K.L.:
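I have a structure I would like to understand better, so I am pasting it below and will then ask my questions one at a time.
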Amino acid sequence: MFTKIAAGVMLATLLGGAAFAETFEVKMLNKGSDGERMVFEPAFVQAAPGDTIKFVPTDKAHNAELNKGMFPEGAEIFKGKINEEFEVVLDVEGVYGVICKPHFAMGMVMTIAVGDVEIPEDFLGGRVPKKAKARFEDQLSNL
């Protein structure tokens, strides 16, 4: 009997954690609700480890992928295809820089913060186009 109770408690604990995970829907748009062109909406997400980010290509010709060097060590790298809706579960705490590769120079970027984190010192240290850098800086002000 004790074994059945212990197994039930373990199962409830495992399922209970999954029940609290959240899914954030991020739209890939030619024009955002604020009038800005080439955006992810929302452009900043504060998530918890285990949360899911669902990327939705509301307008055509967009993708979502991690930018080189803009994700925490040990994080699983993701790269969606053009016009592809996909989901990614983020388990590693840290700051993630997401870009739309075709519209990166136009500033189509977003930031995902997983857990209680601070901005990494070298987060904007790589090659980032001027408009994208300005948007990243604005998004990082949410931390």
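As the structure is a computational prediction, the values presented were derived from the model and not from experiment.
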K.L.:
Quick one: are Asp91 and Pro49 in side-chain contact, heavy atoms under 4.5 Å?
P.N.:
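Result no, sub-4.5 Å side-chain heavy-atom pair not found.
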
K.L.:
Taking a hydrophobic cluster as the set of Ile, Leu, Val, Met, Phe, Trp and Tyr residues connected by side-chain heavy atoms closer than 4.5 Å, whether directly or through intermediates, do Leu140 and Val128 fall within one such cluster?
P.N.:
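Hydrophobic grouping puts Leu140 with Val128.
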
K.L.:
So do the side chains of Val88 and Thr52 get within less than 4.5 Å of each other, counting heavy atoms only?
P.N.:
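No; the side chains remain at least 4.5 Å from each other.
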
K.L.:
Give the minimum heavy-atom separation between Gly94 and Pro72, together with the two atoms involved.
P.N.:
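Heavy atoms only, the tightest pair is CA-CG, 3.8 Å.
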
K.L.:
Could you check if a side-chain atom of Ser33 sits within less than 4.5 angstrom of a side-chain atom of Glu41, using non-hydrogen atoms only?
P.N.:
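A side-chain contact under 4.5 Å exists here.
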
K.L.:
Do the side-chain N and O atoms of Asn63 and Glu65 include a donor-acceptor pair separated by under 3.5 angstrom?
P.N.:
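Yes.
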
K.L.:
Determine whether the aromatic ring centres of Phe24 and Phe44 lie less than 6.0 Å apart.
P.N.:
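Distance test on ring centres: not under 6.0 Å, no.
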
K.L.:
Which atom pair, heavy atoms only, marks the closest approach of Ala75 to Val92?
P.N.:
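In this case the closest contact between Ala75 and Val92 is CA-CG2, 3.9 Å.
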
K.L.:
Do Pro102 and Ile82 have side chains that get closer than 4.5 Å, going by heavy atoms?
P.N.:
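Side-chain contact under 4.5 Å: yes.
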
K.L.:
So does Glu85 pair up with Lys54, basic N to acidic O under 4.0 Å?
P.N.:
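Here Glu85 pairs with Lys54 in a salt bridge, since their nearest N and O are under 4.0 Å apart.
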
K.L.:
So with a 6.0 Å cut-off around CD of Glu87, is the heavy-atom count from everything else above 12?
P.N.:
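Atom CD in Glu87 is crowded, with more than 12 foreign heavy atoms closer than 6.0 Å.
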
K.L.:
Report yes or no: does Asn67 contribute a side-chain atom to a donor-acceptor pair with the main-chain N or O of Gly97 at less than 3.5 Å?
P.N.:
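No; judged by distance alone, with no hydrogens or angles, the pair does not exist.
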
K.L.:
Just do the side-chain contact (heavy atoms from CB on, under 4.5 Å) check on Thr111 and Val95 with the steps written out, would you?
P.N.:
CA-CA 7 Å; Thr111 302; Val95 181; 3.7 Å; yes

K.L.:
Any link between Met110 and Phe86 through a network of hydrophobic side chains (Ile, Leu, Val, Met, Phe, Trp, Tyr) touching at under 4.5 Å?
P.N.:
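Linked, Met110 and Phe86 end up in one cluster.
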
K.L.:
Can you find a pair of side-chain heavy atoms, one from Gln46 and one from Leu143, that are under 4.5 Å apart?
P.N.:
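In short, these two side chains touch, coming nearer than 4.5 Å.
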
K.L.:
Do Ile53 and Leu90 make a side-chain contact, defined as non-hydrogen atoms from C-beta onward lying under 4.5 Å apart?
P.N.:
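Heavy-atom side-chain distance check passes, below 4.5 Å.
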
K.L.:
Do Val109 and Gln139 come close enough that some side-chain heavy atom pair is under 4.5 Å?
P.N.:
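SC-SC contact between Val109 and Gln139 confirmed.
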
K.L.:
Taking the six-membered ring for Trp and the single ring otherwise, decide whether the centroids of Tyr96 and Phe71 are under 6.0 Å apart.
P.N.:
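When the ring centroids of Tyr96 and Phe71 are compared, they turn out to be at least 6.0 Å apart.
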
K.L.:
Minimum heavy-atom separation for Ala61 to Cys100, with atom names?
P.N.:
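Taking every non-hydrogen atom into account, O-SG, 4.4 Å.
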
K.L.:
Just do the side-chain contact (heavy atoms from CB on, under 4.5 Å) check on Val45 and Val26 with the steps written out, would you?
P.N.:
CA-CA 9 Å; Val45 171; Val26 176; 4.2 Å; yes

K.L.:
Between Ile99 and Ile77, is there shared hydrophobic-cluster membership here, with clusters defined by ILVMFWY side-chain heavy atoms closer than 4.5 Å?
P.N.:
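No, because Ile99 and Ile77 fall into different hydrophobic clusters, even though each may have its own neighbours under 4.5 Å.
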
K.L.:
Under 30°, 30 to 60°, or over 60°: which ring-plane class applies to Phe55 and Phe78, parallel, tilted or perpendicular?
P.N.:
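The rings of Phe55 and Phe78 sit tilted, inter-plane angle from 30° to 60°.
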
K.L.:
State whether the number of non-hydrogen atoms from other residues, nucleotides or ligands found under 6.0 Å of Asp34 atom CG is greater than 12.
P.N.:
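Yes, the 6.0 Å shell around CG holds more than 12 heavy atoms from other groups.
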
K.L.:
Within this structure, what is the CD-CG distance for the pair Glu36 and Asn30, rounded to the nearest 0.5 Å?
P.N.:
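If I round to the nearest 0.5 Å, the distance is 13.5 Å.
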
K.L.:
Can you tell me how far CG of Leu29 sits from NE2 of His62, rounded to the nearest 0.5 angstrom?
P.N.:
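One gets 7.0 Å once the value is rounded to the nearest 0.5 Å.
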
K.L.:
Do Val98 and Val56 land in one hydrophobic cluster if side-chain heavy atoms of ILVMFWY residues count as linked below 4.5 Å?
P.N.:
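Shared cluster, no.
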
K.L.:
Quick check for you: to the nearest 0.5 Å, what is the distance between Met28 atom CE and Phe40 atom CZ?
P.N.:
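Reported to 0.5 Å precision, the distance equals 6.5 Å.
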
K.L.:
Taking C-beta and beyond as the side chain, do Met70 and Leu124 meet within less than 4.5 Å on heavy atoms?
P.N.:
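Side chain of Met70 against side chain of Leu124, heavy atoms only: contact under 4.5 Å found.
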
K.L.:
Are Val114 and Val117 connected in a single hydrophobic cluster, I mean Ile/Leu/Val/Met/Phe/Trp/Tyr linked by side-chain heavy atoms less than 4.5 Å apart?
P.N.:
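In one cluster: no.
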
K.L.:
Determine the sole option in Lys131, Arg37, Lys101, His103 for which the side chain to side chain contact (heavy atoms under 4.5 Å, CB included) test with Met108 is passed.
P.N.:
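The single option meeting the side chain to side chain contact (heavy atoms under 4.5 Å, CB included) with Met108 is His103.
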
